[in-house]
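This report concerns only the one structure given below.
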Amino acid sequence: MSPTASSPAVAARMSRQASRDTAQELAVRRLLHAGGLRYRLHVPVPGMPRRTVDVVFGRLQIAVFFDGCFWHGCPEHATSPRANAEWWRSKLARNMARDRETTEHLRSQGWIVTRFWEHETAESVAQQVIIAVETRRSSPPGRD
């Protein structure tokens, strides 16, 4: 039998964890919208069922992901739980492998993929997204 979450209480906490519309994501979206940018939210990754992109500039093929430090293995803030360590190590490794696979898949299709950690400021993230949008507007996908 494979290991499971440490306890029913841990499993309940995990199920309540926000996976979309986090405080950082909302703040960045407000800044982008205020800057005149329009985008779509939680769009399925083309060709990858059950995976979504947090913010998408579809025509420009720009994908923006907001990654939680714990869940996605931030090099600065990731922690390793001691209780049920094997299960957590496996779970978090699968998350990081899925992130890499998704990024590689989108990039192979000509997408600009941006990933941001939850500890990054909304202003910094928004500025980087704006730069990606301006760069892509000056050289749209499919134009060689």
Side-chain angles (χ1 to χ4, degrees), residues 2-6 10-144:
S2 69
T4 59
S6 300
V10 170
R13 268 197 316 273
M14 285 173 54
S15 72
R16 289 190 306 269
Q17 194 69 27
S19 61
R20 55 172 57 183
D21 299 331
T22 63
Q24 179 203 38
E25 187 177 337
L26 293 173
V28 170
R29 287 174 11 203
R30 274 194 288 284
L31 291 169
L32 295 175
H33 194 272
L37 297 180
R38 300 301 177 256
Y39 45 82
R40 292 183 56 216
L41 302 176
H42 313 297
V43 175
V45 174
M48 298 188 100
R50 298 187 60 204
R51 297 186 195 184
T52 60
V53 180
D54 298 323
V55 173
V56 173
F57 297 89
R59 200 175 73 248
L60 297 174
Q61 291 186 317
I62 298 173
V64 181
F65 293 92
F66 299 95
D67 294 338
C69 291
F70 173 76
W71 297 103
H72 297 270
C74 171
E76 291 179 46
H77 301 108
T79 58
S80 297
R82 287 183 288 238
N84 209 2
E86 177 189 337
W87 184 85
W88 280 108
R89 200 171 15 261
S90 173
K91 164 83 175 137
L92 299 174
R94 285 191 314 270
N95 288 354
M96 292 184 287
R98 186 175 56 244
D99 292 343
R100 283 189 302 275
E101 182 184 26
T102 302
T103 297
E104 289 168 10
H105 174 77
L106 287 168
R107 285 186 176 151
S108 74
Q109 294 185 7
W111 285 69
I112 292 175
V113 178
T114 58
R115 289 188 170 273
F116 300 99
W117 295 113
E118 69 180 316
H119 64 265
E120 295 183 70
T121 67
E123 293 77 12
S124 170
V125 171
Q127 187 58 43
Q128 291 175 66
V129 171
I130 290 167
I131 290 168
V133 167
E134 290 171 352
T135 300
R136 185 50 71 98
R137 281 183 177 159
S138 66
S139 178
R143 221 173 98 191
D144 292 325

- Does the side chain of D99 reach to within under 4.5 Å of the side chain of R115, using non-hydrogen atoms? yes
- Task: Check whether any side-chain heavy atom of E118 sits under 4.5 Å from a side-chain heavy atom of T22, and report yes or no.
- Result: no
- Message: Less than 4.5 Å apart, side chain to side chain, heavy atoms only: is that true for Y39 and H33?
- Response: yes
- Query: Of all heavy-atom pairs between I62 and R136, which one has the smallest distance, and what is that distance?
  - Reply: CD1-CB, 3.9 Å
- Message: Side chains of L41 and V55, heavy atoms from C-beta outward: is any pair under 4.5 Å?
- Response: yes
- Hey, does T103 have a side-chain heavy atom less than 4.5 Å from the side chain of W111? no
- Message: Looking at every non-hydrogen atom in both residues, tell me the closest pair between F65 and T52 and how far apart they are.
- Response: CE2-O, 3.4 Å
- If every non-hydrogen atom of F70 is compared with every non-hydrogen atom of L92, which pair is closest and at what distance? O-CD2, 3.6 Å
- Query: How about E101 and H105: does a side-chain donor come under 3.5 Å of a side-chain acceptor?
  - Reply: no
- To the nearest 0.5 Å, tell me how far R137 CZ sits from I130 CD1. 10.0 Å
- Might you point out which heavy atoms bring L106 and A63 nearest each other, and give the distance in Å? CD1-CB, 4.0 Å
- Query: Quick one: do the Q128 and S124 side chains pair a donor with an acceptor below 3.5 Å?
  - Reply: yes
- Message: With no hydrogens and no angle check, just 3.5 Å: does a side-chain donor-acceptor pair link N95 and H72?
- Response: no
- How many angstroms lie between atom CZ of R29 and atom CG of D54, to the nearest 0.5 angstrom? 9.0 Å
- Query: Does R38 CZ have over 12 foreign heavy atoms under 6.0 Å away?
  - Reply: yes
- List the atom of H42, the atom of D21, and the distance in Å for their closest heavy-atom pair. NE2-OD1, 3.4 Å
- Message: For the residue pair R94 / S90, report whether a side-chain donor-acceptor contact shorter than 3.5 Å exists.
- Response: yes
- Note on the structure: In short, A126 meets L31 closest at the heavy-atom pair CB-CB, 3.8 Å
- Separation of C69 SG from H119 NE2 (nearest 0.5 Å): 5.0 Å
- Message: Does any part of the side chain of V133, heavy atoms only, come nearer than 4.5 Å to the side chain of I131, both counted from C-beta?
- Response: no
- Query: side chain to side chain contact (heavy atoms under 4.5 Å, CB included) between F116 and V64: does it pass, once the steps are laid out?
  - Reply: CA-CA 8 Å; F116 300 99; V64 181; 3.9 Å; yes
- Message: Just so I know, are the side chains of F66 and T114 near enough to count as touching, which here means a heavy-atom distance under 4.5 Å?
- Response: no
- Task: State whether E104 and R100 are salt-bridged, where the test is any N-O pair (Lys NZ or Arg NE/NH1/NH2 against Asp/Glu carboxylate O) under 4.0 Å.
- Result: no
- Does any non-hydrogen side-chain atom of V53 lie less than 4.5 Å from one of P44? no
